[in-house]
Amino acid sequence: MAAEFTRGDPWRVATVAPTVALLAVLTVLPVFNLLALSFNSVAWSDGVARWSWNGLGHYAALPADTLFTSGLSNTLIFAVAAVSGQMILGFFLALLVSRTWRGRVLYRAIFLLPILVPGIVIGAIWKLMYNFDFGVINQMSGLLGFAPLDWLGQRSTALLAVIVVDIWHWTPFCFLLLLAGLESLPRDVYEAAHVDGAKWWQELRYVTLPLMLPTILVTLVFRLIVAFKVFDEVYLLTGGGPGMATEVLSFTIYRRFFTEDRMGYGSAISVLALFVIALLIVVALAAARRRREDA
Amino acid sequence: MTAKKKFSRRSVMAGGAALTAGAVTSWVRPASAQGRQAPITIVINQSPWFNGFSGAVDAYEKATGNKVTLDVNPFAGSLEKQRNSVRANQGQYDLLTMNGLFFVEFYQGGFITPVHDIDPGFKLDPQVATFDDTPFWDAQNKTVTSKTGKLMGVPINPNIPLLYYRTDLYQQKGLKVPTTWDELLANAKALHNPPTSYGMVQRGARETTGVTYDWFPYLWSHGGNLFRNEKEGDYSVVINSPAARNALDYYLRLAKEAGHPNTGGQTQGQVIQNLVTGKSAHAIMVIAAWAQMDDPTKSAVAGKIGFAVPPAAPGHMPAPPLGHFIGGIPRNVPKERQVAALAFLRWFQTYEAQVKLVEAGAPPVRYDVLASAMNQKPEYRWMKALGEGLKHSRQMWTVQEGAQLTAVFDVRLNQAVTGELTSTRALNMIAAEIHDIMQKGGYRTGRLPDLT
């Protein structure tokens with residue numbers, strides 16, 4: 001295809017080349033640098049960095065690194081749970097708003113509010129809300145007769161608490177994309193379904209969902225990628241604790257690469273994270289293509 | 001044309017150089033005791049002692065007319081910024097505030113200029129505490145020692161943990177200031193009234209050197225240690241010893257019987273918050289937090305906190321770990337800024353500057369200030385305890401892998417505090433992981449058999 005594109009037309013090559021070069025410098029080069037670093041260890045002496053070849057040593061050490069294995073499994077749990085919650089909530093909110101005429105602008109503004117709040121503020125808000133001694137959640141549950149819970153400090157609730165924050169933060173993103181999708185659906189199909197006597201759930205099952213599938217898939221992929229890279233909420237709320245209950249891959253990379261200053265090892269984890277994200281994208285795109293072909 | 005162009009460029013450069021030289025000479029021309037100096041930037045972390053340091057910097061600027069910019073960051077963020085600066089071709093920061101746990105990586109990495117390379121006549125004031133010789137670095141033997149090491153910086157903060165206790169509650173209950181851990185447990189239990197107030201609040205959260213730093217006084221004062229003999233180069237890991245287990249078991253027992261129900265989630269900020277809101281009767285915490293205790297706008301217990309050296313197990317000495325900071329001047333900044341940074345340090349170590357530091361809310365590094373008449377004033381009642389504590393203080397480690405060591409401790413101790421690991425398993429895991437780090441670092445090491 002590339003050959004077809006450039007054949008006999010040097011002008012095309014000349015116009016595309018700067019973009020390709022820019023892409024190579026900004027994207028490919030850093031990734032190759034990361035890859036190269038992942039096969040090396042870096043030590044500093046006399047103010048100079050000295051690289052030493054480590055082969056596959058860093059990669060071989062990964063399975064025994066409990067921080068890494070916990071980070072990987074928690075990230076997968078986090079991404080699946082948070083994105084599922086956001087997609088379901090976002091879809092139903094979008095459905096409600098798309099069928100509401102009075103106060104529609106107000107609802108839309110209210111539902112979008114959390115996505116406008118900076119991450120650091122979200123961390124502060126929820127850290128206060130989850131506070132064991134004076135958090136509003138424990139105060140309210142106390143009024144109902146429940147004992148206070150250490151939401152962020154105990155293993156059984158910490159990851160769930162972070163997932164709830166992420167759902168609160170990112171549901172508006174899903175809502176916005178899905179609402180745009182819903183509003184662009186052809187009305188005549190609904191009218192036909194109505195004439196045929198379809199109930200609301202049949203309309204949802206046989207009209208809305210199939211027509212919305214491409215939008216749902218794109219939203220899902222966007223959210224999965226971002227959820228897989230989660231860092232700020234964990235950093236601000238739990239620091240990966242208690243123990244390793246909320247350790248996520250980005251936080252492991254931060255610890256190993258930055259705090260512990262193990263650049264080679266941190267790069268190996270980063271390369272693996274990059275691979276998993278790329279895999280997610282490939283799988284999602286393949287699913288979308290297959291769906292299109294089936295249609 | 002070319003020649004003219006060349007001439008023109010040269011003349012511009014020469015003019016620029018002359019202007020720069022003029023500016024530099026005007027900076028270094030004496031205008032006060034420290035002379036007129038180039039503006040400097042200090043990277044510092046937002047610790048409880050920051051306000052005091054900031055006040056001292058204001059006093060320096062006022063006294064000398066020299067300009068100092070403070071780049072303030074969270075603890076971990078400050079370390080990262082310092083690393084980035086010293087590894088660049090030209091550093092952004094002229095003075096680093098290196099924490100006692102991480103300074104070795106800066107020394108060993110060759111990032112810090114020995115003080116006498118900047119000014120051969122500089123003298124560290126004999127009244128300034130030298131904190132287990134940590135301002136001196138012997139690059140040959142990779143060790144801190146004043147005998148063969150070069151002076152690499154000037155201590156700027158004497159952080160060690162002290163016991164904070166409620167004097168009003170002690171009076172009410174007729175309690176005696178504890179000198180042993182058993183006495184502390186008994187006192188804490190006597191004042192434990194959850195959920196209104198807790199006998200003791202300890203750090204247990206997983207944050208950089210949080211629970212790790214706070215547990216070390218318990219470890220050493222129970223007779224435990226991390227390495228067999230670090231000063232002699234024996235880095236055999238002995239953290240999984242029965243004495244260390246006693247120390248960890250005690251830490252957990254104190255939390256369980258008289259502590260906060262959420263010890264595993266307590267950060268330094270939360271420990272301070274529990275104290276100043278009157279919810280905690282005791283805490284063992286860095287002295288840098290003293291100023292917040294007596295600030296009536298922040299504290300409900302102003303004037304009601306007493307200070308003492310942390311207790312010890314019978315037969316052992318108290319052993320507060322050093323969490324001090326050393327001001328170091330990077331290699332990769334221009335000479336005039338190195339000179340300016342050293343001028344600041346020279347002023348900072350004077351008696352007058354240290355008094356200003358205390359008045360602004362930070363503890364001093366000079367013994368004579370700690371022993372001065374200031375310590376008779378109620379607001380400086382912590383000075384005696386600090387002076388006494390410094391006599392027993394110790395350095396946690398002096399290896400450049402400090403950041404890796406603390407990462408291991410932070411996770412495993414937090415897991416022990418939250419009940420995810422038993423003390424035995426946590427210590428065995430710490431021993432195995434640290435032994436691995438030391439082996440990879442090429443140290444003479446080994447480890448004890450696992451605790452059972």
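Atoms considered below: every heavy atom in the structure, side chains included; atoms not considered: hydrogens, waters and symmetry mates.
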Would you find more than 12 non-hydrogen atoms of other residues, nucleotides or ligands less than 6.0 Å from [X] atom [atom1]?
X: B:K150; atom1: NZ; answer: no
X: A:I120; atom1: CD1; answer: no
X: A:F231; atom1: CZ; answer: yes
X: B:Q140; atom1: CD; answer: no

Portion of A:Y254 that has a non-hydrogen atom of chain B nearer than 4.5 angstrom: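 Contact with chain B is through the side chain of A:Y254 alone.
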Side chain, backbone, both or neither: which part of A:F134 has an atom under 4.5 Å from a heavy atom of chain B?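 The answer is the side chain of A:F134.
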Rounded at 0.5 Å granularity, tell me how far [atom1] in [X] sits from [atom2] in [Y].
X: B:T418; Y: A:R155; atom1: OG1; atom2: CZ; value: 7.0 Å
X: B:E433; Y: A:L67; atom1: CD; atom2: CG; value: 9.0 Å
X: B:T208; Y: A:E260; atom1: OG1; atom2: CD; value: 9.5 Å
X: A:Y265; Y: B:K440; atom1: OH; atom2: NZ; value: 7.5 Å

Under 4.0 Å between a side-chain nitrogen and a carboxylate oxygen: does that hold for B:D410 and A:R255?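 Judged by the 4.0 Å cut-off on N to carboxylate O distance, B:D410 and A:R255 do form a salt bridge.
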Out of A:P242, A:A43, A:A49, A:G241, which one racks up the most heavy-atom pairs below 4.5 Å with chain B?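 Looking at each option in turn, the highest pair count goes to A:P242.
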If I measure from the heavy atoms of chain A, does B:F75 come under 4.5 Å with its side chain, its backbone, both, or neither?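 Contact with chain A: none, neither part.
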Determine which residues belonging to [range] lie within contact range of chain A, meaning some heavy atom pair is under 4.5 Å apart, and list them by number or answer 'none'.
range: residues 264-281 of chain B; result: B:Q270, B:Q273, B:N274, B:K279
range: residues 102-115 of chain B; result: B:E105, B:Q108, B:G109, B:G110, B:F111
range: residues 396-409 of chain B; result: B:A403, B:Q404, B:A407

Quick check: do B:R412 and A:T66 have side-chain heavy atoms less than 4.5 Å from each other?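 Counting from C-beta outward, B:R412 and A:T66 do come under 4.5 Å.
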Short side-chain to backbone donor-acceptor contact, B:R87 and A:W44, under 3.5 Å: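 Side chain of B:R87 to backbone of A:W44: no pair is present.
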Under 3.5 Å donor-acceptor, B:R83 side chain and A:F258 backbone: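 A pair under 3.5 Å: yes.
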Which side-chain N or O atoms in residues 143-151 of chain A pair as donor and acceptor under 3.5 Å with protein atoms at least two apart or in another chain?
from	atom 1	to	atom 2	distance (Å)
A:D150	OD1	A:G153	N	3.1
A:D150	OD1	B:N262	ND2	3.2
A:W151	NE1	A:N138	OD1	3.0

Between the side chains of A:T246 and B:R206, does any donor sit under 3.5 Å from an acceptor?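 There is no such pair between these side chains.
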